[in-house]
Amino acid sequence: MSTFGEITALWKADKKQYVKKSTYAAYSLLIQSHLLPDLGDKEDVVEEDVQGLVNRKLAAGLSQKTVRDILVVLKMILRYGVKRGLFPGHQIDVIFPTEREKQDIEVLTLANQRQLMTYVKEHFTFLNLGIFICLNAGLRIGEVCALQWNDLDVASGVIRVNKTIQRIYLVDGDVKYTELIVDKPKTQNSIREVPMTRELLALIRPLKKVVRGDFYVLTNAASPTEPRTYRCYFNKLQKELGLPRMRFHGLRHSFATRCIESKCDYKTVSVLLGHSNISTTLNLYVHPNLEQKRKCIETMGKLFR
């Protein structure tokens, strides 16, 4: 009978043919960091082993999402081994502790968002333009880093989001290294067209007359900046402006929140964000406040009067 480590090597060689380089890199990192140290020498993996792995990873501070990602890879490898008769098959059910606290998403207040947008317009740089784009179009950091001038269509007034930049971690035996890649977004829904606001279009239109279409927007050069570098720039800008500290992704959250506050329908907001399904949008951004709940109950009560 083969060991889990030997089956994993066969699975990786097979999987590499069918998935994107970034996906393969993510799988490899999870395997190298979490699965092989715990299970590599085992000739059988049973429910007790998997539950113990889950408990240890959660105790070490990993999020439930990360641990669930580890389990997804583990189950793919186990299915591969069982299907080829290399590994015994078992029913494995894992119990997660109940998540009692839900983290609030980071969103700029309307006043802080106005302050940031005003600053960008009064202190124009290409890096600042990227922040303005994210606030007005909800792009992810990898998407705005990958944005080229050709993707900004002033004639139709839309941004065409069709690629992303990310630094991936590659594992080759004992050697680990990183590589910056430009690739298609992870899901088909992320490939989308986002209309530009009038303010954004006013900034972009004169620039399009003098820039090269194949240059990247944030650098106005043939080479892009990477998300880590841009994230550092945004953190420094927040500090300079005295804004409450939040992650770069908060710009996307702020865009979505402003759309919801403007009474945009949820399906349209979901499409603008490039979410795979509307439930993601609803779970993240649609949380009625007490006043909205009161209005709902009052409307319902009128039926019985």
Side-chain angles (χ1 to χ4, degrees), residues 19-26 28-29 116-117 119-121 123-171 176-197 199-201 203-240 246-255 272-274:
V19 298
K20 289 166 49 177
K21 192 173 185 178
S22 57
T23 303
Y24 179 78
S28 298
L29 192 62
L116 183 54
M117 290 174 65
Y119 176 86
V120 167
K121 287 188 289 185
H123 302 79
F124 179 85
T125 67
F126 292 111
L127 291 176
N128 285 346
L129 175 61
I131 292 169
F132 200 86
I133 289 172
C134 290
L135 282 171
N136 284 267
L139 271 61
R140 301 175 178 94
I141 190 168
E143 293 170 343
V144 73
C145 286
L147 206 62
Q148 293 171 290
W149 291 109
N150 281 333
D151 300 321
L152 304 178
D153 186 343
V154 294
S156 57
V158 299
I159 302 171
R160 295 192 171 90
V161 183
N162 50 42
K163 54 190 175 297
T164 187
I165 286 179
Q166 59 181 314
R167 182 166 289 280
I168 61 174
Y169 293 82
L170 298 162
V171 180
K176 294 182 181 180
Y177 60 99
T178 67
E179 182 180 323
L180 188 68
I181 64 169
V182 180
D183 205 350
K184 289 183 179 179
K186 188 174 183 180
T187 67
Q188 190 65 31
N189 297 79
S190 293
I191 300 174
R192 61 199 190 278
E193 292 185 348
V194 183
M196 290 187 248
T197 62
E199 280 190 296
L200 180 55
L201 199 52
L203 282 176
I204 298 297
R205 185 175 279 115
L207 294 170
K208 284 281 288 184
K209 297 176 181 178
V210 295
V211 295
R212 279 186 49 169
D214 59 341
F215 275 14
Y216 288 92
V217 173
L218 296 190
T219 58
N220 195 34
S223 300
T225 189
E226 66 173 288
R228 180 176 56 184
T229 304
Y230 198 36
R231 197 175 284 115
C232 290
Y233 174 80
F234 177 63
N235 290 340
K236 290 178 182 176
L237 183 60
Q238 287 183 93
K239 188 175 181 180
E240 181 182 334
M246 71 175 190
R247 296 174 302 159
F248 190 94
H249 205 68
L251 299 177
R252 178 170 161 86
H253 288 322
S254 300
F255 165 80
L272 288 171
L273 292 169

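Excluded from the calculations below are hydrogen atoms, water molecules and symmetry mates; all remaining heavy atoms, backbone and side chain alike, are included. Being a predicted model, the structure only gives us computed values, none of them experimental.
Residues meeting the salt bridge (Lys or Arg N to Asp or Glu O under 4.0 Å) test with Arg205, sequence neighbours left out: none. For Lys121, the salt bridge (Lys or Arg N to Asp or Glu O under 4.0 Å) partners are Glu199, not counting sequence neighbours. For Lys21, the salt bridge (Lys or Arg N to Asp or Glu O under 4.0 Å) partners at least two apart in sequence or on another chain are Glu179. In this structure, Arg231 has no salt bridge (Lys or Arg N to Asp or Glu O under 4.0 Å) partners at least two apart in sequence or on a different chain. Residues that satisfy the side chain to side chain donor-acceptor pair (under 3.5 Å) test with Tyr233, not counting sequence neighbours, are Asn128.
Arg192 places a side-chain N or O within donor-acceptor distance of the main-chain N or O of Ser190, the cut-off being under 3.5 Å. At least one donor-acceptor pair under 3.5 Å links the side chain of Arg252 to the backbone N or O of Leu273. Checking side-chain atoms of Tyr230 against main-chain N and O of Gly142 turns up no donor-acceptor pair under 3.5 Å.
Between the CD1 atom in Ile133 and the CG atom in Leu152 there is a gap of 5.5 Å [rounded to 0.5 Å]. We find the OG1-CG distance between Thr178 and Leu170 to be 8.0 Å, quoted to the nearest 0.5 Å. Here the straight-line distance linking atom CZ of Phe132 with atom OG1 of Thr197 works out to 5.5 Å at 0.5 Å rounding. To the nearest 0.5 Å, atom CZ of residue Arg167 and atom CD1 of residue Ile165 are 10.5 Å apart. Atom SG of Cys134 is separated from atom NE2 of His253 by 12.5 Å, given to the nearest 0.5 angstrom. To the nearest 0.5 Å, atom CG of residue Leu139 and atom CD1 of residue Ile131 are 13.5 Å apart.
Summarising the geometry of Leu218 relative to Gly130, their closest heavy-atom pair is CD2-CA, 3.4 Å, with the distance given to 0.1 Å. Shown here for Ile181 and Ser22, the closest heavy-atom pair between the two residues is CD1-CB, 3.9 Å. Across every non-hydrogen atom of Met196 and Val158, the tightest pair is CE-O, 3.4 Å. When every heavy atom of Phe126 is checked against every heavy atom of Val217, the shortest pair comes out as CB-O, 3.3 Å. The minimum heavy-atom distance between Ile141 and Pro227, with the atom names listed, is CD1-O, 3.4 Å. In terms of heavy atoms, Thr219 sits closest to Ser223 at OG1-O, 2.7 Å.
With contacts defined as side-chain heavy-atom distances shorter than 4.5 Å, the pair Leu129/Leu207 qualifies. Considering only heavy atoms from C-beta on, Phe234 comes within 4.5 Å of Met246 through its side chain. Counting only heavy atoms from C-beta outward, the side chains of Trp149 and Asn220 approach each other to under 4.5 Å. Taking the side chain as every heavy atom from C-beta outward, Leu135 and Ser254 approach each other to under 4.5 Å. Between Asp151 and Lys163, some side-chain heavy-atom pair lies under the 4.5 Å cut-off. Within the 4.5 Å cutoff, the side chain of Thr225 has no heavy atoms near those of the Tyr216 side chain. At a threshold of 4.5 Å between non-hydrogen side-chain atoms, the residues Leu116 and Leu251 count as touching.
Lys20 NZ: more than 12 foreign heavy atoms inside a 6.0 Å radius. Around CZ of Phe215, the count of heavy atoms belonging to other residues, nucleotides or ligands within 6.0 Å exceeds 12.
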Under the side-chain contact (heavy atoms from CB on, under 4.5 Å) criterion, do Ile204 and Ile159 qualify, and how do the steps go?
-> CA-CA 11 Å; Ile204 298 297; Ile159 302 171; over 6 Å; no
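Listed by first and then second residue, the salt bridge (charged side-chain N to carboxylate O under 4.0 Å, His left out) pairs involving residues 123-141 are Arg140-Glu143 (not counting sequence neighbours).
A parallel orientation is assigned to the rings of His123 and Tyr119, their planes being inclined by less than 30° (bins at 30° and 60°).
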